[in-house]
Amino acid sequence: MADTNRTIVEIHVIQTTGMGNLNRDDTGSPKSVVYGGAMRARVSSQAWKRPTREMFDRFFDDKDLGVRTKRVVKVLADRIIERNGDIAPEDAAALAESVLSKGAGIALDKPRAKKGTDETADNDDVLKESKYLLFLGNRQYDRLADLAVEAYNQGNSDDAIKSDKKRIKKIVRDDTAVDVALFGRMVADDIDLNVDAATQVAHAISVQAIEPESDFFTAVDDLKKNSVDEGDAGAAMMGDVEFNAATFYRYANVDANRLNDTLGDAQASAKAVTAFVQSFVSSIPTGKINSFAHATLPELVLVTVRDTQAANLVGAFERPVEPDYVQHATEALVKRERELERAYDITPVQSWAIRVGDDTEAMDELVPKTSSLREVADELSELVASRLSQE
C-alpha cells in the first residue's frame, strides 16, 4: 500500500533552445547520447544544476546558502580575520587549518604549484585546500570562525581545538544551508558529515533525433584590415565550432520529506522546494552563450506532487518525435503520464501546468487550468508546507 505521507515534487519541462553548444564534451562538441536507437542532443545534469543553484540568491540571503570549494582554508581564514582584525593572516590560516583538519577531520593538502610561477609569491596560492570540493553552509563557516577566535583567545589554540572536536563536527553536521540540503554533500574522510541530497536531476535529452552541425568562423584584425598592404588584409583567425538545435525534455524531482529531515522546518522546506522549482524552470546553461545567445524559456512545464514515487517520463520519447516537435512532445508526455497513472496507481495529489503557445494545448487533457510560474510557486509552497506539517 502506498505511503501517502510522502511528498515528492516533480518538474517536467519541454524546452526548445536555439542553435547552441550548451554543454561540451572533452573535444568541444555538444554532448549527445543514443536513445531509442537515435542520436539525441544531451545536456548533463551538472550543467543544469549549477545555473539552477546560482539563481538561489534571488530567494535567500547568503547566510541560508553554502559555498562549494576546495579553498576551504582561505574561506575560513578570511572569516576569522573579519571577527578579529588583530589576528595576522598567517595565524588565521593556521587556525583555519587546525579547525578543519584536527577538528572536523577534513584532509587538507597544498595545491599544485602553477606552471611558471613562484609557489610562495602569493600567500593565497599556498594555503592548504581540501582534496575534494567541500560544500559547506555559510552559517557553518561563521560558527567555525567564532570557535577559532575563541580558541585563539585561550592562548593554546591547537589544544583548545583538539578538545572541541565533538562541537566542531556537530557544527559541520548540523548544516541547514538550503542548497546543501537540496544537492547533498559527500565527505570522503567522514561519512557522518555527509548530507543526503533531496533532489534528483536527470540529463536533458532532445525529444527528436539530431545531427550535429559545424559553424566555420573567421575573426578579422581591425588594424590589419586597414593596413596599406591590402594583400595581407582579411582573417587573422579562423576555426569551427559544433552546435545543434533541439527541443529538450528536462526532468527533476525533490523529495520534500528528506529535505525536511535536513532542514527541520516545514515552512523552510516548502520555501526551498519552490525556490528550486522556479530556478530549475528559469535557468539555462551558459556554455558558448555569448556566441549563440541560446537563452530561452520553456514552452511547457508540468509540476506534480506525488505521494507514491517519482516517475521520470522520458520513456515518452523513446521513439523520436517528428515535427512539430513541441506539439508532438506534449502529446507524447500526456499519453505517457496517463498510461503510468493507470498501470501503477501513481496519480498525483495535485498538478500544475504552465503553457506557452497553441502547440501545448494537449496538456489541457491532463491539467485543464493553465498557471503562471508565480501561481505554481505560491500554491505549491502552501501544499508542501501543509503536508510536511502533518508528519
Side-chain angles (χ1 to χ4, degrees), residues 10-56 68 132-133 135 179 182-184 186 197 199-217 239-254 276-277 279-302 310-323 325-326 328-330 332-333 336:
E10 294 185 335
I11 311 104
H12 308 267
V13 177
I14 301 295
Q15 181 171 356
T16 301
T17 63
M19 57 182 286
N21 188 340
L22 282 71
N23 186 204
R24 288 166 278 173
D25 64 18
D26 57 346
T27 68
S29 301
K31 288 186 177 179
S32 60
V33 64
V34 175
Y35 183 67
M39 183 66 71
R40 313 296 183 96
R42 175 174 65 91
V43 179
S44 71
S45 56
Q46 294 91 330
W48 228 298
K49 281 193 281 190
R50 181 167 177 77
T52 297
R53 186 164 65 86
E54 287 177 335
M55 295 185 78
F56 284 179
R68 187 169 177 255
Y132 42 80
L133 286 169
F135 204 0
D179 43 2
L182 281 165
F183 296 109
M186 188 182 76
T199 188
Q200 298 174 340
V201 180
H203 289 227
I205 70 166
S206 64
V207 300
Q208 80 271 41
I210 59 100
E211 290 289 341
E213 299 185 60
S214 181
D215 175 43
F216 174 76
F217 67 86
D240 60 78
V241 58
E242 289 190 48
F243 67 91
N244 56 38
T247 297
F248 287 96
Y249 169 66
R250 300 167 49 206
Y251 170 78
N253 67 62
V254 183
F276 175 80
V277 170
S279 299
F280 181 71
V281 168
S282 304
S283 60
I284 193 83
T286 56
K288 292 282 186 181
I289 197 166
N290 290 338
S291 298
F292 291 102
H294 57 251
T296 62
L297 289 167
E299 285 81 6
L300 176 69
V301 178
L302 172 65
N312 187 327
L313 302 179
V314 69
F317 313 109
E318 191 269 341
R319 179 178 297 170
V321 303
E322 299 294 332
Y325 296 128
V326 172
H328 292 145
T330 302
L333 192 72
R336 183 71 171 182

Are any side-chain N or O atoms of Thr286 and backbone N or O atoms of Ile289, one a donor and one an acceptor, separated by less than 3.5 Å? no
In this structure, OG of Ser206 is separated from CG of Asn244 (nearest 0.5 Å) by 7.5 Å
Closest non-hydrogen contact found for Tyr35 with Gly315 is OH-CA, 3.7 Å
**Request:** In sequence, state the C-alpha distance, the side-chain angles, and the governing distance for Val326 and Leu300, and then conclude on side chain to side chain contact (heavy atoms under 4.5 Å, CB included).
**Result:** CA-CA 8 Å; Val326 172; Leu300 176 69; 5.9 Å; no
| said: For Met186, is the CE atom crowded, meaning more than 12 foreign heavy atoms sit under 6.0 Å from it? | reply: no
Mark yes when over 12 heavy atoms from residues, nucleotides or ligands other than Gln200 sit less than 6.0 Å from its CD; otherwise mark no.
-> no
Rounded to the nearest 0.5 Å, the OH atom of Tyr249 sits from the CZ atom of Arg336 at a distance of 9.5 Å
Arg250 (side chain) donor-acceptor with Phe280 (main chain) under 3.5 angstrom
yes
One should read off an interatomic distance between Gln208 CD and Phe248 CZ, to the nearest 0.5 angstrom, of 8.0 Å
Self-check item: Short side-chain to backbone donor-acceptor contact, Asn21 and Glu242, under 3.5 Å
Solution: yes
| request: Check whether the side chains of Thr17 and Thr296 place a donor and an acceptor atom closer than 3.5 Å, and report yes or no. | output: no
Value for OG1 (Thr199) from CZ (Phe276), rounded to nearest 0.5 Å, stands at 3.5 Å
State, yes or no, whether a side-chain contact exists between Val241 and Lys288 at a heavy-atom distance under 4.5 Å. yes
Review point. Checking side chain to side chain contact (heavy atoms under 4.5 Å, CB included) for the pair Glu213/Met19: CA distance, chi angles, key distance, verdict?
Key: CA-CA 10 Å; Glu213 299 185 60; Met19 57 182 286; over 6 Å; no
Any donor and acceptor pair, going by atom type alone, linking the side chain of His328 with main-chain N or O of Pro320 inside 3.5 Å? no
Legend entry - Main-chain N/O of Ile205 paired to Arg40 side chain as donor or acceptor, under 3.5 Å: no
Item to check | Derivation and outcome, side-chain hydrogen bond (donor to acceptor under 3.5 Å, both in side chains), residues Thr52 and Ser279 | outcome: CA-CA 5 Å; Thr52 297; Ser279 299; over 6 Å; no
When rounded to the nearest 0.5 Å, the distance separating OH of Tyr325 from CD1 of Ile14 is 13.5 Å
Interatomic distance, CG@Asp26 vs NZ@Lys31, rounded to 0.5 Å, equals 9.0 Å
Heavy atoms of Ala47 and Val43 approach each other most closely as CB-CG1, 3.8 Å
pair Asn23-Pro285: side-chain heavy atoms closer than 4.5 Å: no
Item to check | Pair Ile284-Gln15, side chain to side chain contact (heavy atoms under 4.5 Å, CB included): steps then yes or no | outcome: CA-CA 10 Å; Ile284 193 83; Gln15 181 171 356; 3.7 Å; yes
Heavy atoms of Ala311 and Tyr251 approach each other most closely as N-OH, 3.6 Å
State, yes or no, whether a side-chain contact exists between Thr247 and Val321 at a heavy-atom distance under 4.5 Å.
-> no
